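One structure is given below, encoded as structure tokens.
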Amino acid sequence: MATFINEPSHTFNEYLLIPGHSSSECVPANVSLKTPLVKFKKGEEPSISLNIPLVSAIMQSVSGDRLAVALATEGGVSFIYGSQSVEDEAAMVNRAKTYKAGFVKSDSNIRPDATLADVIALTKATGHSTIAVTEDGTSEGKLLGIITSRDYRVSRMSPDEKVETFMTPFEKLIWAKEGTTLKVANDIIWDNKLNSLPIINDAGQLCYMVFRKDYDSHKQNPNELLDSQKRYVVGAGINTRDYAERVPALIDAGADVLCIDSSEGFSDWQKLTIEWIRERYGDTVKVGAGNVVDAEGFRFLADCGADFVKVGIGGGSICITRETKGIGRGQATALMEVCAERDRYFKETGVYIPVCSDGGIVHDHHMTLALAMGADFIMLGRYFARFDESPSNRVSLNGTYYKEYWGEGSARARNWQRYDLGGDKKLSFEEGVDSYVPYAGRLKDNVDLSLSKVKSTMCNCGALTIPELQKKAKLTLVSATSIVEGGAHDVIQKDKSSGFVK
């Protein structure tokens, strides 16, 4: 008969942290969330570390190039989704890698023969008041002028008036050549009291815009995760089927780290994929693997040569793998067992392989629990899907805004490679759902809030670093009754928006 584990597996919501002694140094400002992303040997530093312990899930509705830039700006890494053509994924990686902080590709462009009505329509569509006038109306056309709100007055001008009659012409513009550093560009802006500075090449074509407002934004992001060439660090998802074509394209596009995207990682398919990468690239290409839920699965992927291992099957909010196939494990139990095996592996071999907790995060405090249980970093899908920067559409339902969110195992994604076990190359049944999540605004605002809670809780435990938290944390299981007790109860709550009770 089957091997039977005679104890239940647990989720994050079944645990609480017990406070430890907090010294006078334990204030959130002193907390460091730096953590390794890829494996390293004892006494050495990892080749890639995260400044915050968050990465985004390899999902169509989560990780595009916009989110990759936004998350790297905060200190994390986005794994751009692989359930698209090799060319499209490589292009996304390239866009994120070539994005220059402070140098913005103009998304408000118009031809000189357009009209004032066209200008007004464009400003409403983009929300931007600075418009580049180029010969062909594209972001890379020859720059002929600039329009700002100071160049026209709707009440005194005809909607049919041509752009070329009221734009600020090129000969009156202050501009800089391609190759100008951000510091020099900002100095030109401040010295000349400008709101924006066009950057053009030798042919007079528009390359970038540098805006005064972005100067402060750049200064406010000390955690930016950059490579040796000052480009954002970007990850990308791969599968165990077309890796021979996908991996070289992603590496050429500039991907810093790869991750095998699979619903279940304890398989020869992952071994073959990692072996192929090692044979051709050695250890220069970093690749994570997973997902697994026990010590045996971790040991298998560690021996295969994985640079990090993802833990979690069936715990995602849109995942129905446990429901449809009956496999998986409670995320907290799976994570603690795998992390214990990681520590044993480190003691035996001197090689530390970071563990990524993937799935099961419902509340912000679950992030702290995952880190305390041993995770080096956390992969999130639903959390990031809610933000402006995710690739999905924002929709209004009954007066409330939501973002679309669907699983890679859903019929909408049709990511058969993620679930394929050597079959007939199709998604035979769904392991994910198509859904909505409440719209939450900008990534930065939400990440700042979530991590402020993590830092505060770490201070309550007397820890200033993630390794210190894992050493000092004390966890306790809680009953169903105490979970109820932990929330607001036995009161009539006020509706915060109206002041009325509910």
Side-chain angles (χ1 to χ4, degrees), residues 64-66 69-70 95 99-100 102-178 180 185-186 188-217 387-404 439 441-442 445:
D65 50 291
R66 279 190 68 210
V69 169
R95 285 197 295 271
Y99 181 92
K100 298 173 70 176
F103 291 85
V104 181
K105 283 284 187 183
S106 176
D107 65 355
S108 296
N109 311 286
I110 204 163
R111 289 165 54 100
D113 57 356
T115 65
L116 175 61
D118 296 324
V119 170
I120 295 169
L122 184 58
T123 57
K124 286 182 178 178
T126 64
H128 299 154
S129 59
T130 300
I131 299 173
V133 183
T134 60
E135 202 168 55
D136 58 3
T138 70
S139 61
E140 297 176 349
K142 185 175 182 180
L143 184 64
L144 301 180
I146 293 288
I147 298 172
T148 70
S149 57
R150 292 176 297 182
D151 291 314
Y152 60 88
R153 292 188 67 177
V154 176
S155 61
R156 295 188 177 185
M157 295 167 62
S158 167
D160 297 325
E161 190 159 345
K162 298 292 185 183
V163 163
E164 58 193 356
T165 65
F166 61 88
M167 69 182 185
T168 301
F170 179 78
E171 54 269 21
K172 293 186 178 181
L173 295 177
I174 296 173
W175 47 269
K177 276 285 186 75
E178 186 179 20
T180 299
N186 281 316
I188 295 172
I189 287 173
W190 285 94
D191 291 345
N192 294 278
K193 299 181 180 180
L194 306 174
N195 287 321
S196 63
L197 178 72
I199 308 294
I200 63 174
N201 62 19
D202 290 335
Q205 295 170 307
L206 181 63
C207 299
Y208 303 102
M209 296 290 290
V210 179
F211 292 95
R212 175 190 286 261
K213 64 181 178 60
D214 289 339
Y215 176 81
D216 290 333
S217 175
F387 304 150
D388 285 323
E389 296 86 354
S390 73
S392 65
N393 294 320
R394 188 178 73 168
V395 297
S396 176
L397 300 174
N398 298 321
T400 301
Y401 282 113
Y402 296 86
K403 292 274 282 187
E404 294 179 310
Y439 167 67
R442 292 198 313 161
D445 297 334

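In this chain, residues are counted from 1 in sequence order. Just the heavy atoms: all of them, side chains too, but no hydrogens, waters or symmetry mates, feed the values below. All of these numbers come straight from a predicted model, not from anything done at the bench.
A donor-acceptor contact shorter than 3.5 Å is absent between the side chain of Arg394 and the backbone of Asp388. Using modelled atom types, one side-chain atom of Lys403 and one backbone atom of Ser392 make a donor-acceptor pair closer than 3.5 Å.
Under the 4.5 Å side-chain criterion, counting only non-hydrogen atoms from C-beta, Ile188 is not in contact with Val210. Contact of the Phe166 side chain with the Val119 side chain is registered, since non-hydrogen atoms from C-beta on lie closer than 4.5 Å. Under the 4.5 Å side-chain criterion, counting only non-hydrogen atoms from C-beta, Val163 is not in contact with Ile131.
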Taking distance alone, no hydrogens or angles, what donor-acceptor pairs closer than 3.5 Å link side-chain atoms of residues 151-161 to residues at least two apart or in another chain?
unit_1, atom_1, unit_2, atom_2, d
Asp151, OD1, Thr168, OG1, 3.1
Asp151, OD2, Thr148, N, 2.8
Ser158, OG, Asp160, N, 3.1
Glu161, OE2, Thr165, OG1, 3.2

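Identified under the salt bridge (charged side-chain N to carboxylate O under 4.0 Å, His left out) test for residues 104-120, with sequence neighbours left out: Lys105-Glu140, Arg111-Asp113.
In this structure, CD1 on Ile147 lies 10.5 Å from CG on Asn109, to the nearest 0.5 angstrom. Taking CD from Gln205 and OG1 from Thr138, the interatomic distance works out to 8.0 Å, rounded to the nearest 0.5 Å.
Between the side chains of Glu178 and Asn201, not a single donor N or O lies within less than 3.5 Å of an accepting N or O.
The pair Asp202-Lys177 meets the salt-bridge criterion, since a charged nitrogen lies less than 4.0 angstrom from a carboxylate oxygen.
Applying the ring-ring contact (aromatic ring centres under 6.0 Å, His included) criterion to Tyr402, with sequence neighbours excluded, gives no partner residue.
Atom CG of Asp191 has more than 12 heavy atoms from other residues, nucleotides or ligands within 6.0 Å.
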Under the criterion side chain to side chain contact (heavy atoms under 4.5 Å, CB included), I'd like the reasoning laid out for Asn192 against Leu197: C-alpha separation, chi angles, the key distance, then a yes or no. CA-CA 10 Å; Asn192 294 278; Leu197 178 72; over 6 Å; no
